[in-house]
There are 2 protein chains.
Amino acid sequence: MDNTLAMVEGEGRQRILAAAEKLFSAKAFDAVSMNAIACEAGISKANIYHYFPNKDTLYLAVLRVASHNLRAVLNEAVSAHGSVLDVLRHFARNHLQALLNRPQLVRLVWREILERGAPRAQEFAEQGFADMFSALVDVLKLGQSRGEFRQDFDPALVATLLLGANVFFFQSRDILRHYPPITFADDPAGYDAGIVEILLRGLVPASS
Amino acid sequence: MDNTLAMVEGEGRQRILAAAEKLFSAKAFDAVSMNAIACEAGISKANIYHYFPNKDTLYLAVLRVASHNLRAVLNEAVSAHGSVLDVLRHFARNHLQALLNRPQLVRLVWREILERGAPRAQEFAEQGFADMFSALVDVLKLGQSRGEFRQDFDPALVATLLLGANVFFFQSRDILRHYPPITFADDPAGYDAGIVEILLRGLVPASS
DNA sequence: CCGAATATTGACCGATTGGTCGAGTGCTTT
DNA sequence: AAAGCACTCGACCAATCGGTCAATATTCGG
């Protein structure tokens, strides 16, 4: 009942989950074999089936913990204080930084979101989405109620715009880096700073 | 040497390519078997190997034509005339509409972009990216040189923001639809109109 | 120290994978 | 007619797939 070291409650399970997470985040479901997972975990393939009844269950478990972890990382990253403007600025920067810090988790969860038609656990992968979204919408509504923002825009739309900017940056970073006019591919903080500044002030000069 | 009907230059090839495109756009590379492609095309599996030496070559061919078609669709959709503002508005709307009109092509090409680590044809799938990007940057630069836009923002950054907003909308549409505060999930034109309006005027009241 | 429960394994299963092969089609060209 | 040629197919291949199973280590409470 006690832990005699190196046997900290499901140590084998953890190794399997870690190996599976690594492989599943790098390649698609069908491209990862149980053999490869076992090899990565340093155990035999049959041993996996002692902990998980089949491949789908293992994948679901991986997605479950990954989604939970990603959610925690994101929620923690975007908690901020200060004026609404500062909160918004920190929100953008920390959110993107969190994505870039955990690329494996993001890729894993996002792939599940993208791959419709095989409804494995969409509802489940969407939770982090909802968290970010409602938190951001709340910030924007607060800014509106305080009169710091215009009243005539849809907070949900701006939230989508901001979240999308970060996700898109995360996804296309390697591509963006190839284009000469882009200088912010390796400067996510500068990217978000520019994004937020444009969002706040707009493209059209104030005189208009 | 002439075409005796139903033999219009590679008719079999086209059927295979069409079937492969359909399946590859729905599921990942390893999740699509040559048998499934043959079945979808209504021919025997061995027959595929008469036209394509192996699965990778077939996939590459599919990606090639898909990328070319998508590129054409996008380029055609975003050509507009009028004032810089109108061009920008039409750019956003038509670009998103083009994405939504050809979801198969978009998913196929975008999956290839996402799936790094298996460099099949990234450089190849990125061409459409470059087209959209440079076209949009040109529009923004024109707006700046005409004095209709501020001078103090990075056109490449705004282009990323706008393209990202559309791609993100395309990707997350089904998820966005589940959230009550979102009313634009089924109104892409309204979405882009709101996006552009915010981009132009900003979130902060003009008095600031 | 011993039995019981838990871990772990190699060998094996039927099914499916990407890919090959040789034999047949039917059409074209000499 | 016959040779050539593009095309199509069923049968087949070794390899790998997800998954099973009986046998063996390992651990642990009594």
Side-chain angles (χ1 to χ4, degrees), chain A residues 1-63 112 115 118-121, chain B residues 1-64 111-112 115 118-121:
Chain A
M1 200 176 288
D2 68 334
N3 312 333
T4 58
L5 195 119
M7 171 50 192
V8 284
E9 171 74 10
E11 189 258 352
R13 247 187 113 93
Q14 296 299 331
R15 267 242 292 278
I16 296 174
L17 282 173
E21 177 186 307
K22 175 178 176 182
L23 296 184
F24 278 134
S25 67
K27 303 159 77 177
F29 180 81
D30 298 88
V32 177
S33 70
M34 295 297 272
N35 230 325
I37 297 175
C39 186
E40 173 75 28
I43 60 176
S44 73
K45 179 182 68 168
N47 196 9
I48 298 181
Y49 288 90
H50 174 68
Y51 296 96
F52 301 94
N54 51 52
K55 188 181 180 183
D56 286 87
T57 304
L58 170 59
Y59 177 77
L60 205 72
V62 169
L63 198 73
E112 188 63 24
E115 222 69 37
R120 268 188 257 270
Chain B
M1 198 175 289
D2 66 333
N3 311 332
T4 58
L5 194 121
M7 170 52 191
V8 285
E9 172 71 16
E11 188 257 356
R13 244 187 115 94
Q14 295 299 331
R15 268 244 291 278
I16 297 173
L17 283 172
E21 178 188 307
K22 175 178 176 182
L23 297 184
F24 278 135
S25 66
K27 302 158 78 178
F29 179 82
D30 297 88
V32 177
S33 70
M34 295 297 271
N35 230 324
I37 297 175
C39 187
E40 174 75 27
I43 61 175
S44 74
K45 182 181 67 169
N47 196 9
I48 298 181
Y49 288 90
H50 174 69
Y51 295 95
F52 302 94
N54 51 51
K55 189 180 179 182
D56 286 87
T57 304
L58 170 58
Y59 177 77
L60 205 73
V62 168
L63 198 73
R64 190 174 215 92
R111 181 188 291 126
E112 188 63 24
E115 223 69 35
R120 270 188 255 271

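This is a predicted model, so every value here is computed, not measured.
- Judged by distance alone, the side chains of A/E112 and A/Y59 do bring a donor and an acceptor atom under 3.5 Å apart.
- B/R111 has a carboxylate O that lies under 4.0 Å from a charged side-chain N of A/E115, or vice versa, which qualifies the two as a salt bridge.
- Looking only at atom types and distance, the side chain of A/N47 has no donor-acceptor partner in the side chain of A/S44 under 3.5 Å away.
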**Item:** Nucleotide-resolved protein contact map, nucleotides 10-24 of chain C, B/S/- at heavy-atom distance under 4.0 Å
**Value:** B------SBBBB---
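- When rounded to the nearest whole Å, the span between CZ of A/R13 and C1' of C/dT8 equals 16 Å.
- Taking atom CZ on B/R15 and atom P on D/dC7, their separation rounds to 13 Å, with Å as the unit.
- OP1 or OP2 of C/dA7 lies within a sub-4.0 Å distance of a side-chain N or O belonging to A/H50.
- Checking side-chain atoms of B/S25 against main-chain N and O of B/E21 turns up a donor-acceptor pair under 3.5 Å.
- The CE atom of B/M34 sits 7.5 Å away from atom CG of B/N54, with the distance rounded to the nearest 0.5 Å.
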